[in-house]
Amino acid sequence: MSDEQISSGEFRREVQEAASALTSHGFRRAPEFDSETPTTASVVYVGQNVAFTFTLDIRDQALDLIVTRYRDGKLVATWDGGYSSSLFTHLLNRCGFRGRPIPAASLPPTASKAKRVLSALVNLLAQPCAANLLADRTDALPQ
């Protein structure tokens with residue numbers, strides 16, 4: 001199962017399902033920020049102050065969830081006075097999270113690699129430190 005390859009199409013389909021946790025908190029899909037190259041794909045959800053970018057590195061078969069400042073209709077990266085970090089790193093640095101991403105217990109053992117990894121990343125949002133992110137607060141991200 002470790003040799004299972006994730007295509008960009010499968011990634012996009014699975015993100016849509018995994019992101020229901022975000023849409024239930026008022027975040028919306030922002031396809032204008034999505035991207036796809038021969039080696040990467042990304043899908044973006046935005047709120048009023050916080051954006052979440054699901055990423056797939058096709059070559060390395062690596063999935064991640066990036067949290068970024070969202071202001072005035074733009075993703076504001078670190079070099080522009082904003083903020084951007086892997087969700088896991090954000091939780092580690094902001095509240096000392098030392099756990100690991102764990103998929104939802106309800107997933108069947110036959111769930112695809114994409115579904116398992118995305119579920120684990122979204123489950124990080126259940127950490128108490130992530131509450132400000134899901135609340136889409138202006139102070140959710142460091143200055």
Please answer: with hydrophobic residues joined when any side-chain heavy atoms are less than 4.5 Å apart, are Leu65 and Phe11 in the same cluster?
yes
Could you walk me through whether Val46 and Arg29 pass the side-chain contact (heavy atoms from CB on, under 4.5 Å) test, one step at a time?
CA-CA 6 Å; Val46 299; Arg29 174 92 188 274; over 6 Å; no
Which residue pairs pass the ring pair (Phe, Tyr, Trp, His ring centres under 6.0 Å) test when at least one of the two sits in residues 39-58, sequence neighbours left out?
Phe27-Phe52
List the steps, then state whether side-chain contact (heavy atoms from CB on, under 4.5 Å) holds for Thr138 with Gln48.
CA-CA 8 Å; Thr138 57; Gln48 296 296 313; over 6 Å; no
For a salt bridge (charged side-chain N to carboxylate O under 4.0 Å, His left out) check, start with the C-alpha distance between Glu14 and Lys115, then their side-chain angles and the critical distance, and finish with the verdict.
CA-CA 6 Å; Glu14 295 296 345; Lys115 187 179 287 290; 3.0 Å; yes
Mind listing the side-chain donor-acceptor pairs of residues 90-98 below 3.5 Å, one per line with the distance, residues two or more places apart or on another chain?
residue: His90; atom: ND1; partner: Tyr83; partner atom: OH; Å: 2.8
residue: Asn93; atom: ND2; partner: Thr89; partner atom: O; Å: 3.4

Can you measure from OG (Ser112) to CD (Gln5) and round to the nearest 0.5 angstrom?
12.5 Å
Quick one: does Thr39's side chain get under 4.5 Å of Asp60's, heavy atoms only?
no
With distance as the sole criterion, is a donor-acceptor pair present between the side chains of Asp57 and Thr40 under 3.5 Å?
no
Are Thr78 and Arg69 close enough that some pair of their side-chain heavy atoms sits under 4.5 Å apart?
no
Of all heavy-atom pairs linking Ile66 and Ser84, the shortest is CG2-OG, 3.4 Å
Do the non-hydrogen side-chain atoms of Val122 and Leu124 ever get within less than 4.5 Å of each other?
no
From OG1 (Thr110) to CZ (Arg116), nearest 0.5 Å:
9.5 Å
So Leu134 and Leu22, do their side chains get closer than 4.5 Å, heavy atoms only?
yes
On a heavy-atom basis, which atom in Val50 and which in Asp136 lie closest, and how many Å separate them?
N-OD1, 2.9 Å
Heavy atoms only: give me the nearest Val15-Val43 pair and the separation to one decimal.
CG1-CG1, 3.7 Å
Taking every non-hydrogen atom, the tightest pair across Gln61 and Glu4
OE1-O, 3.8 Å
Step by step, would you call Leu87 with Leu125 a side-chain contact (heavy atoms from CB on, under 4.5 Å)?
CA-CA 8 Å; Leu87 176 61; Leu125 294 170; 3.6 Å; yes
Residues two or more places apart in sequence or in another chain: which of them pass side chain to side chain donor-acceptor pair (under 3.5 Å) with Ser119?
none
Would you name the heavy atoms of Leu75 and Ala51 that are closest together and state the gap between them?
CD2-CB, 3.3 Å
Which heavy atom in Leu141 sits nearest to a heavy atom in Val67, and how many Å separate them?
CD2-CG2, 3.8 Å
What distance do Ile58 atom CD1 and Ile6 atom CD1 have between them, rounded to the nearest 0.5 Å?
10.0 Å
Tell me every residue that passes side chain to side chain donor-acceptor pair (under 3.5 Å) with Asp139, counting only those two or more places apart in sequence or in another chain.
Arg137
Residues in side chain to side chain donor-acceptor pair (under 3.5 Å) contact with Ser8, at least two apart in sequence or another chain:
Glu36
Is there a path of hydrophobic side-chain contacts, each under 4.5 Å between heavy atoms of I/L/V/M/F/W/Y residues, joining Val76 to Leu133?
no
With sequence neighbours excluded, tell me which residues meet side chain to side chain contact (heavy atoms under 4.5 Å, CB included) with Ser42.
Ser35, Thr53, Thr55
Verify the distance criterion only: is there a donor paired with an acceptor across the side chains of Thr23 and Ser20 at less than 3.5 Å?
no
